[in-house]
Structure formats: C-alpha cells, structure tokens
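Report on the structure given below.
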Amino acid sequence: MMFGLYRATSVLGGPLIDGFLERRRRRGKEDAERFAERLGQAGRPRPDGTVVWMHGASVGEALSMLPVVERLMRHESRPNVLVTTGTVTSARLMAERLPEGVIHQYAPVDRPGCVAAFLDHWRPDFAIWWESELWPNLVLETSKRGVPMLLANARMSPRSFNKWRWFPGFARSLLGAFRTVLTQSDIDTERYLALGGRAETLGNLKFAVPPLPADAAALADLTAVIGDRPRWLAASTHEGEEAIAWRSHEALRPRFPGLLSIVVPRHPDRGAGIAEMLRQGGAKVARRAAGEPIAADTDVYLADTMGELGLFFRAAPVVFMGKSLVPEGGQNPIEPARLGAAILTGPHTWNFEKIVADLDDAGAIRIVADGDALTAALARDLAD
C-alpha cells in the first residue's frame with residue numbers, strides 16, 4: 001500500500017521533482033555537466049565482467065566505503081567497482097580519493113524511469129548500500145531484478161526508528177530486499193530487527209577509514225602564518241552555529257589575545273552569507289575561497305573550501321564538531337580524534353551516538369549543552 005502510494009507520487013510528481021532539481025542546479029547543488037546521470041543516463045559505458053555497485057548518500061558514507069573499495073580492487077577476482085553518491089561534494093571527493101579504475105556516477109533520482117534506465121545500463125551483479133539512505137524505488141527495483149543486496153555500516157537513529165514504526169509493512173518490504181544488514185552497533189541491530197530486517201552487528205567501518213589527508217606544503221604555510229596564536233576550529237558547521245562560534249570568540253578574546261577562530265562550514269556555498277553575517281557582527285573575516293589571507297587582526301578564518309578538513313584538523317588543537325548545537329544529528333568525531341585534537345560537540349549527536357558515547361566514556365570528548373557551555377569548554381582547553 002505505502003510503496004504503491006510512494007511510487008505513484010514519484011511518477012505523478014514528476015514536474016515538481018524536475019522543478020526542484022532545476023532549482024538545485026541553479027544553486028550549484030547539482031552538477032550541471034553530469035546532470036544526466038541523475039536522470040539515470042550513464043556517463044560511461046558498462047565494463048565487461050562483474051560489476052559490484054556501492055551506494056552512499058554523501059561524504060561520510062563515501063569515506064567509509066574507501067577501505068572496502070580498496071580491498072575489492074585487490075581481490076583476486078578483480079571485479080569492476082561502481083560507486084554512486086548523490087551530492088556534488090561527494091563526487092569531488094571521490095574524484096580525488098577513489099583508486100584508479102573505480103567508476104563514480106551520480107545516483108539516479110528515485111523515479112521509476114530514472115531507476116530503470118540506471119539499472120538497465122549498469123546491470124550490477126551485487127549491490128552494497130551504505131548506512132541509512134534507502135530510496136524505495138531504487139531498492140525494490142534492484143531487488144526485483146534479482147541483484148543480491150547488502151546494507152553495510154547501517155545505522156538507525158531514534159528519530160528514524162520512530163518514523164519507520166508508523167509504517168511497519170513498508171519498512172519490512174524495504175529491509176527484506178537485503179540479504180543482511182550489517183550494523184554499526186547493537187542498538188542499531190535491535191532497531192533493524194524490530195522493523196523486520198535480518199541484522200547483525202559488525203561495528204563501525206568509519207574506524208577503518210585512514211586519517212583525512214592534508215597537503216604538506218599547505219599545512220606548513222598555514223601553521224607559519226598562524227604562528228603561536230591561540231586557535232580553535234569549528235568544523236562542519238550548520239546554519240546558526242557560526243553565530244554561536246562568533247559569540248564564543250568575542251567572549252574569549254580578552255583572555256586569549258590574538259585568538260583565531262577557524263570556521264569550516266559543512267556546505268561551502270554558504271561562505272559568502274556567513275562572512276557577511278560575521279562582519280555585520282563586528283568580526284574581521286578572511287575567506288579562504290576568496291583568497292583572502294590571514295592577517296594579524298583576523299578574528300575568523302572562514303575556510304569555505306572543499307576537501308581540506310584534514311588540513312585544519314592538523315592545524316587546530318581544539319575542535320568543535322558542528323551539526324550538533326542545532327538538532328541535526330552531529331558530525332563524525334573520529335576524524336579529529338585520529339589527528340589528536342581535543343574534541344567538543346553539542347548534545348545533538350544521534351547520527352554517531354555509539355561513537356560519541358564510547359569517546360565520552362573514555363574522557364576523549366566533551367559534550368556541551370549550548371553556546372555558553374561551548375565558551376567555557378573552549379576556555380578550559382585553550383588554557384590547557
């Protein structure tokens with residue numbers, strides 16, 4: 001019933017979906033040169049032989065795929081590997097980090113025609129979906145064609161679990177398409193089993209991802225420019241968190257002369273708007289995307305560029321992980337932990353609840369309730 005309604009909506013709502021995608025394309029959120037891939041039209045020919053298809057939503061999932069992709073490429077059977085993701089950001093990352101010979105395509109929009117065109121061309125022999133993005137048309141049509149499917153590194157937030165419980169039949173249909181679900185934690189396993197999936201705990205594959213890379217010359221230049229100034233990093237911030245970071249900076253500046261706050265927004269296209277907001281609040285801002293250098297009086301270095309978090313994690317001893325002081329679910333704290341940073345996060349971390357709980361138990365992360373708590377935690381860490 002629910003799938004039939006969803007499928008009908010995805011067909012009849014075609015004009016609305018087209019308009020939505022066109023707005024995204026104009027805003028740079030869709031790749032204009034490769035937009036046809038989103039409609040299921042392949043950008044490359046299908047290679048001969050076995051094709052293993054791996055799908056993830058965006059950057060986090062794409063990164064956690066990499067160790068598995070590399071292992072597959074070394075396997076004696078030498079399958080062809082096709083990786084699909086849905087965002088411009090993830091496509092750029094994959095262009096830099098996928099091993100030679102791996103094919104990247106944008107995932108098709110979840111409309112029956114687009115899905116059919118994608119599957120008709122690529123004819124995958126095996127499919128591995130990553131974490132939690134389950135597009136019903138794509139999942140069920142792939143299963144209908146007899147493609148064995150695995151859901152890997154799966155997680156289920158409390159919010160998602162409660163939503164799926166309203167549609168138990170739909171959840172069973174989707175999860176039943178997968179031979180098994182390999183979860184990040186026992187909590188995730190319990191939730192998938194409750195919804196009718198076949199699940200077992202494997203552990204979080206994000207722990208297998210190597211540290212984020214950084215250009216050595218760029219790191220040397222950055223650390224030379226910053227010198228011995230006290231500094232901290234607000235990483236992967238979402239709307240509302242940049243203003244909180246600035247209030248913390250203002251409160252801490254008298255105690256830490258020369259303080260530099262580095263802000264890396266999760267979506268770099270917000271850079272110009274963030275810079276304007278900070279400047280109206282009195283901040284002296286240097287935008288990396290605009291080529292503006294860090295000066296002696298720069299308060300905030302706004303690193304609104306792509307793929308450089310590894311650089312800034314290495315340059316800042318104290319890191320606040322964004323998407324967590326707003327109710328969005330948090331960002332991956334493993335990345336700064338691997339590089340030795342003192343880590344702070346807000347209370348909204350359900351996307352990484354087991355990781356955050358383990359780090360908290362080990363005294364390796366500090367959870368702050370709000371902007372005032374962030375300021376107090378930064379003061380302690382910057383003075384340590």
Checking side-chain polar atoms at under 3.5 Å, does [X] have a donor or acceptor matched by the opposite partner on [Y]?
X: Q41; Y: E37; value: no
X: R44; Y: H104; value: no
X: S58; Y: S90; value: no
X: T189; Y: T183; value: yes
X: E61; Y: S64; value: no

Going from [atom1] on [X] to [atom2] on [Y], what distance comes out if it is rounded to the nearest 0.5 angstrom?
X: N204; Y: N153; atom1: CG; atom2: CG; value: 4.5 Å
X: L374; Y: S324; atom1: CG; atom2: OG; value: 8.5 Å
X: E241; Y: L325; atom1: CD; atom2: CG; value: 5.5 Å

Subject >> Side chain proximity check, L21 to E30, heavy atoms < 4.5 angstrom >> reply: yes

Original post:
With a 4.5 Å heavy-atom cut-off, do S143 and F178 have their side chains touching?
Top reply: no

Using 4.0 Å as the upper bound for N to carboxylate O, is an ion pair formed by [Y] and [X]?
X: R145; Y: E141; value: yes
X: D299; Y: K284; value: no
X: R287; Y: E292; value: no

Original post:
Taking it one step at a time, do H55 and E133 satisfy side-chain hydrogen bond (donor to acceptor under 3.5 Å, both in side chains)?
Top reply: CA-CA 9 Å; H55 171 72; E133 184 177 79; 3.0 Å; yes

Please tabulate, for the side chains in residues 375-384, all donor-acceptor contacts under 3.5 angstrom to protein atoms that are two or more places apart in sequence or on a different chain.
residue: T375; atom: OG1; partner: S248; partner atom: OG; Å: 2.8
residue: T375; atom: OG1; partner: G371; partner atom: O; Å: 3.1
residue: D381; atom: OD1; partner: R366; partner atom: NH1; Å: 3.1

Evaluate whether atom [atom1] of [X] has more than 12 neighbouring non-hydrogen atoms of other residues, nucleotides or ligands under 6.0 angstrom away.
X: K163; atom1: NZ; result: no
X: D48; atom1: CG; result: no
X: R253; atom1: CZ; result: yes
X: W164; atom1: CH2; result: yes
X: N162; atom1: CG; result: yes

Original post:
How are the rings of H348 and W350 set to each other: parallel, tilted or perpendicular (split at 30° and 60°)?
Top reply: perpendicular

Subject >> Ring centre gap for W129 and W53 strictly below 6.0 Å >> reply: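 Ring centroids of W129 and W53 are less than 6.0 Å from each other.
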
What closest approach, in Å, do [X] and [Y] show between heavy atoms, and which atom pair accounts for it?
X: G43; Y: Q105; value: N-OE1, 2.8 Å
X: L339; Y: L212; value: CD1-O, 4.5 Å
X: T201; Y: D186; value: OG1-OD1, 2.8 Å
X: L174; Y: P136; value: CD2-CA, 3.6 Å
X: A303; Y: R288; value: CA-CB, 3.9 Å
X: R38; Y: Y106; value: CD-CB, 3.7 Å

**OP:** Report the C-alpha distance between R270 and E242 in whole Å, list the side-chain angles of each, state the deciding distance to 0.1 Å, and finish with yes or no for salt bridge (charged side-chain N to carboxylate O under 4.0 Å, His left out).
**Re:** CA-CA 11 Å; R270 297 178 52 236; E242 296 86 11; 3.0 Å; yes

Subject >> Residues K206, E335; criterion salt bridge (charged side-chain N to carboxylate O under 4.0 Å, His left out); working and verdict >> reply: CA-CA 9 Å; K206 284 185 167 66; E335 294 170 347; over 6 Å; no

**OP:** Let me know which of E328, R155, Q331 forms a side-chain hydrogen bond (donor to acceptor under 3.5 Å, both in side chains) with N351.
**Re:** R155

Original post:
Looking at F35, is R25 sitting on its ring face, NZ or CZ under 6.0 Å from the six-membered ring centre and within 45 degrees of the normal?
Top reply: yes

